[in-house]
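Scroll down for the structure; my scribbles are underneath it.
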Amino acid sequence: MSAEAADREAATSSRPCTPPQTCWFEFLLEESLLEKHLRKPCPDPAPVQLIVQFLEQASKPSVNEQNQVQPPPDNKRNRILKLLALKVAAHLKWDLDILEKSLSVPVLNMLLNELLCISKVPAGTKHVDMDLATLPPTTAMAVLLYNRWAIRTIVQSSFPVKQAKPGPPQLSVMNQMQQEKELTENILKVLKEQAADSILVLEAALKLNKDLYVHTMRTLDLLAMEPGMVNGETESSTAGLKVKTEEMQCQVCYDLGAAYFQQGSTNSAVYENAREKFCRTKELIAEMRSG
């Protein structure tokens, strides 16, 4: 063996082995694996990648015996995959900044709709018609998270986007990108149609004078074990991660301020609403720091 080859072999053998990436289906096979994985200092895949993988698999259409494409089946496997995605988001404490930075609009839309569903928000119910004060704390928080995301997404969509330089054309990649673009446009159209209602929901939240709670990995597990439970631990006023009134109002004020500021480009009177909300945000931050 030449000296050069010996050096190469020594360098290769001294390099630490990279552990193999955990595959999405392994989390279906071992119930405790997700929490172990998320406790790692640098989990691979990262939490947001897991959300994408779980929801991607859960939303795959099926093909029947006549070779016809069918909607994704509502079976145990897909329900567990959706639950796993929600648990990862709960691990990230439902931080919209993290989720929006890493997840596409269609994926985050699916995730938050699953949160609404598991939080007992009836499908098709207008959020503006719901009384937040009388809802269980986790249900009210799910409604707020969805509507905060809705107006944040509308604001974000108004910013100019730098077009990525096209690489070598690959038909499958281009088709996938086009599908995601169309999906995003359709979701944005719905969010914009509901924008006035979302703003009313968030304005109503500023009148709440109680702490809210957001689902944790534990409360999600309890809901999955006991889907018929209505007045148990998951619905109590102390279930989940507490979100103090001031913290919730601070987040809502800032998001409303951004929405009003964006609307001010076509209606200058709305700028005053934006100024009020941003001033109130600043006051709440000062209150939380002093408290």
Side-chain angles (χ1 to χ4, degrees), residues 86 89-101 108-109 111-113 115-116 118-121 125-158 191-192 194-216 219 234-264 267 269-291:
L86 289 170
H91 167 77
L92 297 171
K93 298 184 179 177
W94 302 98
D95 188 324
L96 286 179
D97 289 330
I98 294 173
L99 296 172
E100 288 167 339
K101 189 177 178 182
L108 200 36
N109 180 60
L111 179 74
L112 292 176
N113 272 293
L115 175 64
L116 291 172
I118 206 165
S119 302
K120 310 286 192 335
V121 178
T125 305
K126 281 191 167 188
H127 296 172
V128 74
D129 295 335
M130 301 175 83
D131 180 4
L132 294 174
T134 61
L135 293 176
T138 49
T139 306
M141 197 62 202
V143 170
L144 288 187
L145 267 171
Y146 178 86
N147 287 282
R148 281 185 59 217
W149 168 74
I151 64 168
R152 286 163 66 109
T153 303
I154 293 166
V155 171
Q156 192 67 34
S157 72
S158 68
L191 295 181
K192 285 175 181 176
Q194 297 172 349
D197 283 356
S198 287
I199 286 172
L200 287 172
V201 168
L202 297 180
E203 286 285 6
L206 297 179
K207 297 181 178 73
L208 289 176
N209 58 0
K210 63 175 184 178
D211 295 334
L212 294 180
Y213 289 78
V214 69
H215 278 302
T216 59
T219 59
T234 57
E235 299 298 338
S236 76
S237 58
T238 56
L241 177 70
K242 183 195 277 191
V243 181
K244 290 188 176 178
T245 312
E246 300 83 6
E247 186 184 347
M248 177 272 288
Q249 289 185 352
C250 187
Q251 293 169 345
V252 169
C253 271
Y254 183 81
D255 292 337
L256 280 171
Y260 289 140
F261 188 82
Q262 186 232 349
Q263 291 176 359
N267 180 0
V270 183
Y271 275 136
E272 183 57 30
N273 290 344
R275 191 186 71 80
E276 284 174 10
K277 291 293 182 277
F278 287 141
C279 286
R280 182 62 184 140
T281 303
K282 191 177 176 183
E283 287 170 10
L284 286 162
I285 290 171
E287 283 174 25
M288 286 189 288
R289 282 179 178 163
S290 64

Which atom of [X] lies closest to which atom of [Y], heavy atoms considered:
X      : Y      : result
Leu212 : Leu208 : CD1-CD1, 4.3 Å
Val155 : Ala259 : CG2-CA, 3.7 Å
Gln249 : Leu284 : C-CD1, 3.8 Å
Val121 : Val143 : CG2-CG2, 3.9 Å
Ile154 : Leu191 : CD1-O, 3.4 Å
Cys253 : Lys277 : O-CB, 3.4 Å

For the pair [X] (side chain) and [Y] (backbone), establish whether a donor and an acceptor sit closer than 3.5 Å, ignoring hydrogens and angles.
X      : Y      : value
Thr219 : His215 : no
Thr245 : Lys210 : yes
Thr139 : Ser119 : yes

Worked check of side-chain contact (heavy atoms from CB on, under 4.5 Å) between Val214 and Lys93: CA-CA 8 Å; Val214 69; Lys93 298 184 179 177; over 6 Å; no
When rounded to the nearest 0.5 angstrom, what distance separates [atom1] in [X] from [atom2] in [Y]?
X      : Y      : atom1 : atom2 : result
Ile285 : Ser290 : CD1   : OG    : 12.0 Å
Leu96  : Leu108 : CG    : CG    : 7.0 Å
Trp149 : Leu111 : CH2   : CG    : 9.5 Å
Glu203 : Asn147 : CD    : CG    : 12.5 Å
Leu256 : Arg280 : CG    : CZ    : 13.0 Å
Glu246 : Glu283 : CD    : CD    : 13.0 Å

Atom NZ of Lys282: over 12 foreign heavy atoms under 6.0 Å: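 No, not enclosed.
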Is it the case that more than 12 heavy atoms not belonging to Phe261 sit under 6.0 Å from its CZ atom?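 Atom CZ in Phe261 is not packed in, count stays at 12 or less.
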Less than 4.5 Å apart, side chain to side chain, heavy atoms only: is that true for Lys120 and Pro136?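 With C-beta onward as the side chain, the pair stays apart.
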Going by salt bridge (Lys or Arg N to Asp or Glu O under 4.0 Å), name the residues that satisfy it together with Asp95, two or more places apart in sequence or in a different chain.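 Asp95: no salt bridge (Lys or Arg N to Asp or Glu O under 4.0 Å) contacts found.
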Of all residues at least two apart in sequence or in a different chain, which pass the salt bridge (Lys or Arg N to Asp or Glu O under 4.0 Å) check with Glu247?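 Checked Glu247 against salt bridge (Lys or Arg N to Asp or Glu O under 4.0 Å); zero matches.
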Check the orientation of His127 and Tyr146. Use parallel for under 30°, tilted for 30 to 60°, and perpendicular for over 60°.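 Plane angle over 60°, so perpendicular.
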Verify whether the ring centers belonging to Tyr260 and Tyr271 lie closer than 6.0 Å.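 No, the ring of Tyr260 stays outside the 6.0 Å limit from the ring of Tyr271, centre to centre.
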Show the numbers, then the answer: is there a side-chain contact (heavy atoms from CB on, under 4.5 Å) between Trp94 and Leu115? CA-CA 10 Å; Trp94 302 98; Leu115 175 64; 3.7 Å; yes
Kindly determine whether Glu100 and Arg152 satisfy side-chain contact (heavy atoms from CB on, under 4.5 Å), including the steps that lead there. CA-CA 9 Å; Glu100 288 167 339; Arg152 286 163 66 109; 2.7 Å; yes
